[in-house]
Amino acid sequence: MSLAEDSPVHSSSSDDFASFLEAELDGTSNPSSDSEEVTEEEENVDGGLDLERVKRRKVELSQGTENPKSFSSQGEPSQILGSSLKEDICPHPADIAGMCVKCGQKRDDVSGVAFGYIHKNFRINPDEIARIRNIDLQKLLRHKKLYLVLDLDHTLLNSARLSDITVEEGYLNGRSDALPDTLKTSLFRLNWMQMMTKLRPFVHTFLKEASNLFEMYIYTMGERPYALEMAKLLDPGDIYFNSKIIAQGDSTQRHQKGLDVVLGQESAVLILDDTEVVWAKHKENLILMERYHFFASSCKNFGFNCKSLSELKTDESETDGALLTVLKILQRVHSLFFDEERKDKLEDRDVRQVKSRFVG
């Protein structure tokens, strides 16, 4: 069993993300490690943490076995006598269902931040989160990338319950080959969810271009089954998001979104969302999106007494819409952040300061 195998989104690309975490947790170093040791850890990110070994470690501890083997990034056993001493030395970087992923100890005082979207019952302690963020940031900066957190509803797409489709929208229920060309590849009827979803114009090009500049997350206030289904529509090839899909149940504060469950340094994160109030602690990272109201129910829910795009049988422009506009902003912010004429170090830069030049 591994993080990759039990990730909520199991695929080759989600495995890449989980494997990175496994390697980082397996290579947890002493807090006093210098920058040279960090470089060695980065070079060992392809290693894997075998949780079956963790289970065996739990059995050893319960049987009082001495001289247990620890797991280092080099895979060499540490000659430590006695489980109590082992417990004192292990930093317990993360737990799965109360079991330390490094030493296998079953712990009653589990703390840290839950990352359930990576693995069920998975928690990482604050020191380890900081360490992983620091290492991952260095990797991204070397590839001239930043982080981008994307909302779903009204930002990248619009969904409506089938029961809310109006008479004037009835044509949307027709055969796909009878739909206007612009809808044939962007409108989806999800019968098992009793829902219809319309992708925002330009969204596929937006994601492709943004992925060259950013490591991307989805973060929605919707429930996980919905989030996963929307990710399939947006990213059918599973290229962009890996297992970085955060849903309502992953937030640590009710009715709020937070970067505490994003494994990226806040100084390198941009957020695209149509709702400001859910980002109370991270407004400086936020680029507020113009809401996408395709369906009549969406207009009604937000108090608009007007015809929806679907009722008017029209849509946003592919060549002059909201996503193209915000893509240009993202490209400009990225360019200025990585401006080679700047004298300060990359790791000391803050994308929030760059973003403030273009949007509030």
Test item: [X] and [Y] side chains (from C-beta on) under 4.5 Å apart, heavy atoms:
{"X": "Ser159", "Y": "Met193", "answer": "no"}
{"X": "Leu330", "Y": "Leu272", "answer": "yes"}
{"X": "Val203", "Y": "Leu157", "answer": "no"}

Just checking [X]: does its [atom1] atom have more than 12 heavy atoms from other residues, nucleotides or ligands closer to it than 6.0 angstrom?
{"X": "Lys232", "atom1": "NZ", "answer": "no"}
{"X": "Gln256", "atom1": "CD", "answer": "yes"}
{"X": "Asp108", "atom1": "CG", "answer": "no"}

(message) Clusters formed by hydrophobic residues whose side-chain heavy atoms approach within less than 4.5 Å: which one holds Ile165, and what are its other members?
(response)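 Direct or chained contacts put Ile165 with Leu162, Tyr171, Leu172, Leu179, Leu183, Leu187, Met196, Tyr292, Phe294, Phe295, Leu309.
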(request) Any chance you could pull the hydrophobic cluster mates of Phe304, using side-chain heavy atoms under 4.5 angstrom and chaining through other members? (result)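 Hydrophobic cluster check, Phe304: joined to Phe302.
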Residues in side-chain contact (heavy atoms from CB on, under 4.5 Å) contact with [X], at least two apart in sequence or another chain:
{"X": "Asn301", "result": "none"}
{"X": "Asp344", "result": "Arg342, Arg349"}
{"X": "Met221", "result": "Lys257"}

Can you tell me how far apart [atom1] ([X]) and [atom2] ([Y]) are? Round to the nearest 0.5 Å.
{"X": "Ile129", "Y": "Asp260", "atom1": "CD1", "atom2": "CG", "value": "8.0 Å"}
{"X": "Asp235", "Y": "Met216", "atom1": "CG", "atom2": "CE", "value": "7.5 Å"}
{"X": "His92", "Y": "Asp127", "atom1": "NE2", "atom2": "CG", "value": "13.0 Å"}
{"X": "Leu140", "Y": "Leu146", "atom1": "CG", "atom2": "CG", "value": "7.5 Å"}
{"X": "Leu233", "Y": "Leu199", "atom1": "CG", "atom2": "CG", "value": "6.0 Å"}
{"X": "Met230", "Y": "Ile218", "atom1": "CE", "atom2": "CD1", "value": "10.0 Å"}

Looking only at heavy atoms, which two atoms of [X] and [Y] are closest? And how far apart?
{"X": "Pro201", "Y": "Glu316", "value": "CG-O, 3.5 Å"}
{"X": "Lys102", "Y": "Pro91", "value": "CD-CD, 4.2 Å"}
{"X": "Tyr147", "Y": "Leu137", "value": "OH-N, 3.6 Å"}
{"X": "Leu323", "Y": "Phe206", "value": "O-CD1, 3.6 Å"}
{"X": "Val261", "Y": "Ala114", "value": "CG1-O, 3.9 Å"}
{"X": "Ala210", "Y": "Leu148", "value": "CB-CD2, 4.2 Å"}

(request) Determine which pairs satisfy side chain to side chain donor-acceptor pair (under 3.5 Å) with at least one residue from residues 321-341, sequence neighbours left out, and list them in order. (result)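 Only Lys144-Glu340 qualify under side chain to side chain donor-acceptor pair (under 3.5 Å).
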Between [X] and [Y] (side chain of the first, backbone of the second, donor and acceptor by atom type, cut-off under 3.5 Å), is there such a pair?
{"X": "Arg200", "Y": "Thr155", "answer": "yes"}
{"X": "Ser317", "Y": "Thr319", "answer": "yes"}
{"X": "Glu128", "Y": "Asn125", "answer": "no"}
{"X": "Lys355", "Y": "Asp350", "answer": "no"}
{"X": "Asn242", "Y": "Lys244", "answer": "no"}
{"X": "Glu318", "Y": "Phe202", "answer": "yes"}
{"X": "Asn191", "Y": "Gln194", "answer": "no"}
{"X": "His119", "Y": "Phe115", "answer": "no"}
{"X": "Asn285", "Y": "Val269", "answer": "yes"}

(request) Take Asp315 and Lys198 through the salt bridge (charged side-chain N to carboxylate O under 4.0 Å, His left out) test and state the conclusion after the steps. (result) CA-CA 10 Å; Asp315 207 348; Lys198 171 67 173 63; 2.7 Å; yes
(request) Report the C-alpha separation of Asp164 and Arg161 in whole Å, then their side-chain angles, then the decisive distance to 0.1 Å, and conclude whether the salt bridge (charged side-chain N to carboxylate O under 4.0 Å, His left out) test is met. (result) CA-CA 5 Å; Asp164 290 334; Arg161 290 189 294 268; 3.0 Å; yes
(message) Before you tell me yes or no, could you show the steps for Glu347 and Gln138 under side chain to side chain contact (heavy atoms under 4.5 Å, CB included), namely the whole-Å CA-CA distance, both residues' side-chain angles and the distance that decides it to 0.1 Å?
(response) CA-CA 7 Å; Glu347 57 267 26; Gln138 292 180 46; 5.9 Å; no
(message) Applying side chain to side chain donor-acceptor pair (under 3.5 Å), can you list everything that pairs with Arg357, at least two apart in sequence or on another chain?
(response)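 Scan of Arg357 (side chain to side chain donor-acceptor pair (under 3.5 Å), adjacent residues dropped) gives none.
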(message) side chain to side chain contact (heavy atoms under 4.5 Å, CB included) for Leu141 and Phe337? Distances and angles first, verdict last.
(response) CA-CA 10 Å; Leu141 293 180; Phe337 183 93; 3.9 Å; yes
Kindly write out the residues that satisfy salt bridge (charged side-chain N to carboxylate O under 4.0 Å, His left out) with [X], not counting sequence neighbours, or none if the list is empty.
{"X": "Asp250", "answer": "Arg224"}
{"X": "Lys307", "answer": "Glu168"}
{"X": "Glu266", "answer": "Arg352"}
{"X": "Asp109", "answer": "Arg107"}

(request) Return the set of residues passing ring pair (Phe, Tyr, Trp, His ring centres under 6.0 Å) with Tyr219 (not counting sequence neighbours), or none when no residue passes. (result)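 Here the qualifying residues are Trp279.
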(message) Does Leu263 form a side chain to side chain contact (heavy atoms under 4.5 Å, CB included) with Asp136? I'd like the steps, not just the answer.
(response) CA-CA 8 Å; Leu263 286 173; Asp136 197 43; 5.7 Å; no
(message) Assigning hydrophobic clusters by single linkage (Ile, Leu, Val, Met, Phe, Trp, Tyr; side-chain heavy-atom cutoff under 4.5 Å), is Val110 placed with Ile118?
(response)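 Different clusters.
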(message) Before you tell me yes or no, could you show the steps for Lys184 and Asp181 under salt bridge (charged side-chain N to carboxylate O under 4.0 Å, His left out), namely the whole-Å CA-CA distance, both residues' side-chain angles and the distance that decides it to 0.1 Å?
(response) CA-CA 5 Å; Lys184 288 179 180 178; Asp181 290 342; 3.2 Å; yes
(request) Give me the ring orientation class for His154 and His293: parallel if the planes are under 30° apart, tilted from 30 to 60°, perpendicular past 60°. (result)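 Correct class here is tilted.
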(request) Check Leu150, Leu286, Leu152 against Asp273 for a side chain to side chain contact (heavy atoms under 4.5 Å, CB included) and give me the one that passes. (result)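 Running side chain to side chain contact (heavy atoms under 4.5 Å, CB included) over Leu150, Leu286, Leu152 with Asp273 returns exactly one hit, Leu286.
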(request) I would like to know whether Ile245 and Tyr117 meet side chain to side chain contact (heavy atoms under 4.5 Å, CB included); could you show each step before the answer? (result) CA-CA 7 Å; Ile245 301 172; Tyr117 66 94; 5.9 Å; no
